[in-house]
There are 2 protein chains.
Amino acid sequence: MTDASPEAHLGPSAYIVLGLLGQYGPGTSYDLKNWADASVGNFWTFPRSQLYAEPQRLAQLGLLEERQEEGGRRKRTYQVTDAGRAALQAWLAEPAGFPELRDLGLLKLFFAEQGSAERVRQLAAEQLGLHRARLKEYERQADCWPTTLPAEQPLRMGLLYERASLAFWGVLAEPEA
Amino acid sequence: MTDASPEAHLGPSAYIVLGLLGQYGPGTSYDLKNWADASVGNFWTFPRSQLYAEPQRLAQLGLLEERQEEGGRRKRTYQVTDAGRAALQAWLAEPAGFPELRDLGLLKLFFAEQGSAERVRQLAAEQLGLHRARLKEYERQADCWPTTLPAEQPLRMGLLYERASLAFWGVLAEPEA
DNA sequence: TACGGCATGTAATCGGTTACATGATTTA
DNA sequence: TAAATCATGTAACCGATTACATGCCGTA
């Protein structure tokens with residue numbers, strides 16, 4: 001609660017922390033990691049260590065309340081404050097802008113002419129494998145859940161994206177006529 | 001050519017610079033910007049300033065040769081060296097790994113239950129607009145080119161992705177039954 | 001010749017990533 | 001009680017983003 005400036009510019013990972021704590025209740029950094037792995041981690045990756053550093057920043061800003069255990073591991077439990085909830089809602093209300101794809105496979109494909117001739121086929125085979133595995137995983141998850149709540153929609157997008165990727169790399173993997 | 005260590009770990013933007021210079025010949029940072037805007041920038045964004053800083057790093061490593069103009073603006077022209085070509089090819093040969101989606105829209109959708117009730121519909125409408133515009137742009141580009149060279153394939157993926165996104169947000173934009 | 005925009009950079013900051021380090025808890 | 005794994009964090013580096021600063025050129 002050092003700083004009360006309501007206009008600090010937070011990055012996406014800050015809002016992931018706020019959002020997860022808001023959605024699943026108070027928890028430790030390790031809880032955050034588990035929640036993220038199971039949900040938002042599918043379409044937004046970051047290293048665990050962010051989930052230790054970010055909550056401390058947010059606590060400084062008064063958006064989280066930190067309670068440190070006395071005995072044992074002195075573990076830190078975080079909880080969203082009213083200011084934190086307000087910050088999350090303000091962020092939710094802003095336009096989201098355009099998504100970014102960040103696909104090293106496409107990047108390498110783009111420059112493939114400067115590499116070996118076989119590379120395109122190899123790359124396509126590799127990507128096909130990855131996408132097939134990911135799609136299977138998504139389908140498994142989709143079987144368990146109704147996919148009707150907003151929080152479950154990203155999984156639907158994941159399915160669409162994986163199928164599109166499979167179609168895309170599929171034609172590149174075939175020996176051409 | 002200060003450092004000759006062949007094992008420096010370069011980031012993706014380094015290879016974008018190497019790749020663009022390899023593909024379109026020697027050029028300045030500004031040339032790089034224009035090339036990137038027209039091609040790889042569609043699916044991998046970064047600020048212009050990277051295109052000034054990165055080539056200097058690469059020149060230090062001996063992967064680019066820098067020639068600075070004497071008179072006028074003392075502008076810097078870069079050219080890939082043999083070492084640079086080798087580095088690019090080594091990178092191309094490595095597996096690409098899994099792509100990342102980085103979609104703030106999906107993120108906000110995931111947390112939408114904590115915001116206002118109208119937000120999902122609004123968000124969907126916003127995203128639909130963005131994706132429609134992007135799709136139209138891709139289609140325009142696809143009309144001009146054959147889409148058969150490797151370097152033109154990412155555009156095909158772009159088309160697939162945009163159509164999937166339209167389908168996804170489309171069902172969320174409709175007033176539910 | 002004044003102005004606006006195109007072209008070219010630099011500096012400082014900050015978030016993200018990697019690597020390291022170690023305390024608890026469980027299980028054999 | 002030893003080993004393995006789970007859980008928890010710290011430190012330092014580095015790339016990326018933002019903001020700033022300014023020179024050149026075409027045109028009115």
Side-chain angles (χ1 to χ4, degrees), chain A residues 3 5 7-18 21 26-38 40-41 44-61 63-64 66-78 91 97-98 100 102 104 107, chain B residues 3 5 7-18 21 26-38 40-41 44-61 63-64 66-78 91 97-98 100 102 104 107:
Chain A
D3 188 338
S5 100
E7 298 310 326
H9 293 318
L10 304 174
S13 35
Y15 293 105
I16 290 177
V17 169
L18 286 173
L21 287 171
T28 68
S29 289
Y30 193 68
D31 294 329
L32 283 168
K33 172 200 178 297
N34 287 325
W35 295 332
D37 284 349
V40 79
W44 199 289
T45 71
F46 45 82
R48 289 173 287 88
S49 72
Q50 278 291 109
L51 296 177
Y52 289 89
E54 199 67 59
Q56 295 189 32
R57 263 199 292 273
L58 294 174
Q60 291 288 319
L61 295 170
L63 305 180
L64 293 183
E66 178 184 330
R67 226 181 34 242
Q68 191 162 188
E69 187 180 71
E70 277 308 308
R73 204 177 299 204
R74 307 193 48 75
K75 115 170 84 161
R76 289 162 180 177
T77 303
Y78 299 99
W91 175 75
F98 206 85
E100 199 171 332
R102 301 233 143 215
L104 280 183
L107 212 48
Chain B
D3 188 338
S5 101
E7 298 311 325
H9 293 319
L10 303 174
S13 35
Y15 294 105
I16 290 177
V17 169
L18 287 173
L21 287 171
T28 68
S29 289
Y30 192 69
D31 293 330
L32 283 169
K33 172 200 177 298
N34 288 324
W35 295 332
D37 283 350
V40 80
W44 198 288
T45 71
F46 44 83
R48 289 172 287 87
S49 71
Q50 278 291 109
L51 296 177
Y52 289 88
E54 199 67 60
Q56 294 189 34
R57 263 200 292 275
L58 294 174
Q60 290 290 318
L61 294 171
L63 304 181
L64 293 183
E66 177 184 330
R67 227 181 32 244
Q68 190 163 189
E69 189 180 68
E70 278 306 309
R73 205 175 301 203
R74 307 193 48 75
K75 119 170 83 161
R76 289 164 181 174
T77 303
Y78 299 98
W91 174 74
F98 205 85
E100 197 172 335
R102 301 237 141 212
L104 279 184
L107 212 49

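The shown structure was predicted, so the numbers you read here are calculated from the model rather than taken from an experiment. Every chain is numbered from 1, with letters handed out A, B, ... down the list of sequences.
One interatomic measurement links the two molecules: CG of B:Leu58 to C1' of D:dG15, which rounds to 13 Å at whole-angstrom precision. Rounded to whole Å, atom C1' of D:dC14 lies 8 Å from atom CZ of B:Arg57. When the P atom of D:dA16 is taken as reference, atom CD of A:Glu100 falls 12 Å away, rounded to whole Å. In this entry the distance linking NZ of A:Lys75 with P of D:dT8 reads 5 Å, nearest Å. Separating the NE2 atom of A:His9 from the P atom of C:dG16 is a distance of 15 Å, rounded to the nearest angstrom. The distance between atom CG of B:Leu61 and atom C1' of D:dC14, rounded to the nearest whole Å, is 13 Å. Per the geometry, CG belonging to B:Asp31 stands 11 Å off P belonging to C:dG9, to the nearest Å. For the pair A:Leu10 CG and C:dT13 P, the interatomic distance rounds to 19 Å; values are reported in whole Å.
Listed by chain and number, the residues in a side chain to side chain donor-acceptor pair (under 3.5 Å) with B:Arg102 are B:Glu100 (sequence neighbours excluded). A search for ring-ring contact (aromatic ring centres under 6.0 Å, His included) contacts involving A:Trp44 returns nothing, not counting sequence neighbours. For the side chain to side chain donor-acceptor pair (under 3.5 Å) test, residues two or more places apart in sequence or in another chain that qualify with A:Arg57 are A:Glu54. Partners of B:Asn34 by side chain to side chain donor-acceptor pair (under 3.5 Å), not counting sequence neighbours: none found. For A:Arg67, the side-chain contact (heavy atoms from CB on, under 4.5 Å) test picks out A:Thr77, A:Gln79, with sequence neighbours left out.
Residues from residues 44-54 of chain B lying near DNA chain C, meaning a heavy-atom separation below 4.0 Å, are B:Ser49, B:Tyr52 in numerical order.
Mapping A:Gly11 and B:Ser29 onto DNA chain C by nearest heavy atom places B:Ser29 at the nucleotide closer to the 5' end.
Remark: B:Ser13 is not in phosphate contact with D:dG15, judged by side-chain N or O atoms under 4.0 Å from OP1 or OP2. A close approach under 4.0 Å does occur between a side-chain nitrogen or oxygen of A:Gln56 and OP1 or OP2 of D:dT10.
Note that the CD atom of A:Gln50 and the CG atom of A:Leu32 stand 12.0 Å from one another [nearest 0.5 Å]. Atom OG of B:Ser49 and atom CG of B:Leu51 lie 8.0 Å apart (nearest 0.5 Å).
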